[in-house]
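Notes for the one structure printed next.
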Amino acid sequence: MTGFALFDTAIGRCGIGWTASAIAAVQLPEPTEDRTRARLRRRLPGPTESAPTPLALDAIERIIALLADGRAELRDIPLDMSGLPAFDQRVYRAAQTIPAGRTITYGGIASMIGSPGSAREVGRALGRNPFAIVVPCHRVVAAGGRTGGFSATGGVRTKLALLAAESR
């Protein structure tokens, strides 16, 4: 059984989905709350909008704090990666080690996971990231420090806003 809730942050109204033991999805703000809900419902099988569980509430509070002042730690939030490709799981775990306010290249992540030369595949995995913010795909940049792409609503503008929020 999964549930989900929307919550306010410094960058807008985000969403979070959970199972009994882990976070199943985190959704960055869409143009409307209905679109944010729709994105979560597509990602989660049979979700019910409800009050957050203690686990989800803890994650929400830490996400809000991170986006307010850049000081909260998210890497120990349990994530439900069941059903995700093994490569993607390795990418997400590596991305979780990037400190707030810092960046690394797609190639750097590829090397971290023992797959040098797979920067494009790393980029594709991060483009599918179901745990935005908790798995900080916004901290991964293109070679030479270029921002690279960002698949969330607002694209690179949202990526830069997330990095700025963490640097406060």
Side-chain angles (χ1 to χ4, degrees), residues 2 9-12 14-19 21-30 36 39-40 42-45 55-56 58-60 62-168:
T2 60
T9 72
I11 63 162
C14 293
I16 191 166
W18 59 85
T19 67
S21 59
I23 299 304
V26 178
Q27 178 62 49
L28 292 172
E30 291 287 326
T36 303
R39 287 283 283 251
L40 282 168
R42 281 195 301 274
R43 283 192 177 158
L44 304 171
L55 172 87
D58 175 61
I60 289 168
R62 294 195 305 176
I63 290 167
I64 290 168
L66 178 73
L67 295 175
D69 64 18
R71 293 190 186 131
E73 179 57 57
L74 307 181
R75 78 178 72 187
D76 64 333
I77 292 174
L79 301 175
D80 181 359
M81 293 196 197
S82 61
L84 297 177
F87 181 86
D88 291 13
Q89 291 182 39
R90 291 195 328 266
V91 168
Y92 301 156
R93 286 189 186 102
Q96 284 184 284
T97 68
I98 308 165
R102 298 269 179 90
T103 60
I104 189 172
T105 64
Y106 295 101
I109 293 283
S111 293
M112 284 175 69
I113 65 170
S115 191
S118 64
R120 288 181 195 268
E121 291 82 2
V122 167
R124 283 193 285 277
L126 291 171
R128 295 185 294 267
N129 176 12
F131 312 105
I133 302 172
V134 177
V135 171
C137 51
H138 59 281
R139 297 179 191 158
V140 185
V141 297
R146 295 185 329 265
T147 55
F150 198 60
S151 60
T153 296
V156 172
R157 184 173 30 92
T158 299
K159 184 176 197 167
L160 294 173
L162 288 167
L163 290 170
E166 291 181 352
S167 296
R168 288 189 186 119

* Given side chains that start at C-beta, do those of L126 and Y92 come closer than 4.5 Å, heavy atoms only? -> yes

* Would a 4.5 Å heavy-atom cut-off, applied to side chains only, mark D76 and R62 as touching? -> yes

* Report yes or no: does T36 contribute a side-chain atom to a donor-acceptor pair with the main-chain N or O of E30 at less than 3.5 Å? => yes

* Rounded to the nearest 0.5 Å, what separation is found between the CD1 atom of I109 and the OG atom of S118? -> 10.0 Å

* Structure fact -> When rounded to the nearest 0.5 Å, the distance separating CE of M112 from OG1 of T105 is 10.5 Å

* **D80: which of I23, T2, T19 passes side-chain contact (heavy atoms from CB on, under 4.5 Å)** => T19

* Structure fact -> Taking every heavy atom of L74 against every heavy atom of I63, the minimum-distance pair comes out as CD2-N, 3.9 Å

* **Considering all heavy atoms, the nearest P29-I11 contact** => CG-O, 3.6 Å

* To do: If a pair satisfies salt bridge (Lys or Arg N to Asp or Glu O under 4.0 Å) and one of its residues is in residues 117-136, list it, with sequence neighbours excluded.
  => D88-R128, E121-R124

* To do: List the atom of L40, the atom of G17, and the distance in Å for their closest heavy-atom pair.
  => CD2-N, 4.2 Å

* To do: Hey, could you give me the CH2/CD1 distance between W18 and I77, rounded to the nearest 0.5 Å?
  => 13.5 Å

* **Euclidean distance, R39 CZ relative to Q27 CD, rounded to 0.5 Å** => 5.0 Å

* Asked: Closest heavy-atom contact between A119 and G107?
  -> CB-N, 3.7 Å

* Asked: For L55 and S21, which heavy atoms make the closest approach, and how far apart are they?
  -> CD2-C, 3.8 Å

* Structure fact -> Nearest heavy-atom approach of L44 to A24 is CD2-CB, 3.4 Å

Which side-chain N or O atoms in residues 129-140 pair as donor and acceptor under 3.5 Å with protein atoms at least two apart or in another chain?
unit_1 : atom_1 : unit_2 : atom_2 : d
N129   : OD1    : F131   : N      : 2.7
N129   : ND2    : V135   : O      : 2.8
H138   : NE2    : E166   : OE2    : 2.7
R139   : NE     : E166   : OE1    : 2.9
R139   : NE     : E166   : OE2    : 3.3
R139   : NH1    : I98    : O      : 2.5
R139   : NH2    : E166   : OE1    : 3.4
R139   : NH2    : E166   : OE2    : 2.8

* Report the residues that fulfil salt bridge (Lys or Arg N to Asp or Glu O under 4.0 Å) with R75, sequence neighbours left out, ordered by chain and then residue number. => E73

* Asked: Between the main-chain N or O of A94 and the side-chain N or O of T97, is there a donor-acceptor pair closer than 3.5 Å?
  -> yes

